[in-house]
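Structure first, commentary second.
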Number of protein chains: 2
Amino acid sequence: MDTLSQTLSALADPTRRAILAQLAQGEATVNDLARPFDISLPAISRHLKVLEAAGLISRGREAQWRPCHLETAPLKAVDTWLGDYRRFWEGSFDRMDAYLQLIQQKPDTTGDPQ
Amino acid sequence: MDTLSQTLSALADPTRRAILAQLAQGEATVNDLARPFDISLPAISRHLKVLEAAGLISRGREAQWRPCHLETAPLKAVDTWLGDYRRFWEGSFDRMDAYLQLIQQKPDTTGDPQ
DNA sequence: GCGTTAATTAACACATATGTTAAATATGGA
DNA sequence: TCCATATTTAACATATGTGTTAATTAACGC
């Protein structure tokens, strides 16, 4: 799976987004992160695995604790991807832009806007 | 499922992102959108259904064609959500910010950073 | 060593996602 | 009416995601 898909897929779960929000406050252990939720610890553990695989968190080791830390590189990548569409809602995209696009050839297959 | 999760889930598929990129060039029919891909038309039709359910596209009706149109509101919502994390990679988040966060109480359960 | 706490892995259940092919529906035009 | 084109729906196969409980691994401290 490509990186961006993996990131967006990881972010598509509300529990995982809530975990990231908690980590935005600073490092936390698995138990810390699990406390607000009604789901089991193994479930949280697997959510963290998904987040780690996507590079959205990193994990240290302090005795029997595994402190989790927010990593923003993938979020930045989402922001960059989104940036290509930003003109569509920021007013710079008007009827003339639409016309200029219409007279262009059909696009690529890369998954990115042009 | 909450709106943001639905949006991110729809965006997590590379085929669907490529479809959006095509639509960034202007309206297109289902066949237009299917052309660049090696998958069947029904598969594309279902991808479009997912995008439409997430509000990322809208569909008109012209004879037997169903022209698709990019809708940016959900993308804007992603941008807004992401904005809360932007300070983490934009330099305004330094050691003092980290300290201020550390002395705060642990956060909410809303899925949003504070 | 042994019990306690922290976290992960195993085994399972169940729902959802994504693709296929074949059939159905909708519209335009000879 | 009847055929061609555009698109969707049906039925199916298969993979992945998310949760559970029970068992396992890792590290601390008496």
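Per chain, numbering begins at 1; letters A, B, ... match sequence-line order. These values consider heavy atoms only, across backbone and side chains, with no hydrogens, waters or symmetry-generated copies.
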Quick check on the hydrophobic clustering: are A:W65 and A:L70 connected, directly or via other members, by side-chain heavy-atom contacts under 4.5 Å?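 Each belongs to a different hydrophobic cluster.
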Hey, which sits more toward the 5' end of DNA chain D by its nearest nucleotide, B:R66 or A:V50?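 The residue mapped nearer the 5' terminus is B:R66.
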Rounded to the nearest angstrom, tell me the gap between atom [atom1] in [X] and atom [atom2] in [N].
X	N	atom1	atom2	value
A:L48	D:dT18	CG	C1'	14 Å
B:K49	D:dA6	NZ	C1'	16 Å
A:D13	D:dG17	CG	P	11 Å
A:F37	D:dT20	CZ	P	12 Å
A:L51	D:dG17	CG	P	13 Å
A:D38	D:dT20	CG	C1'	14 Å
B:I44	C:dA17	CD1	P	17 Å
A:L41	C:dA6	CG	P	9 Å

Residue pair [X] / [Y], side-chain heavy-atom distance below 4.5 Å:
X	Y	result
B:P67	B:R61	no
A:L75	A:D79	no
A:R17	B:D2	yes

Give one of base, sugar-phosphate or nothing for B:S9, where a contact means two heavy atoms less than 4.0 Å apart.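 Nothing, no nucleic acid heavy atom in range.
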Do the two ring centres, one from B:Y85 and one from B:W89, sit under 6.0 Å apart?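 No, ring centres 6.0 Å or more apart.
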Going through the distances and angles, do A:R86 and B:T72 end up as a side chain to side chain donor-acceptor pair (under 3.5 Å)? CA-CA 9 Å; A:R86 205 161 281 134; B:T72 58; over 6 Å; no
Reading nucleotides 23-30 of chain D from 5' to 3' and marking B where a protein heavy atom lies under 4.0 Å of the base, S where only the sugar-phosphate is that close, and - otherwise, the string is ----SS--
Can you find a side chain N or O atom of [X] that sits less than 4.0 Å from OP1 or OP2 on [N]?
X	N	result
B:N31	D:dT7	yes
B:H47	C:dG19	yes
B:S40	C:dT20	yes

Without placing hydrogens or testing angles, list every side-chain donor-acceptor pair under 3.5 Å for residues 38-57 of chain B, not counting sequence neighbours.
from	atom 1	to	atom 2	distance (Å)
B:S40	OG	B:A43	N	3.4
B:H47	ND1	B:R16	NH1	3.1
B:E52	OE1	B:R59	NE	3.2
B:E52	OE1	B:R59	NH2	2.8

hbond_proxy A:R46 side chain to D:dG17 base (donor-acceptor, 3.5 Å cutoff):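 Donor-acceptor pair under 3.5 Å: no.
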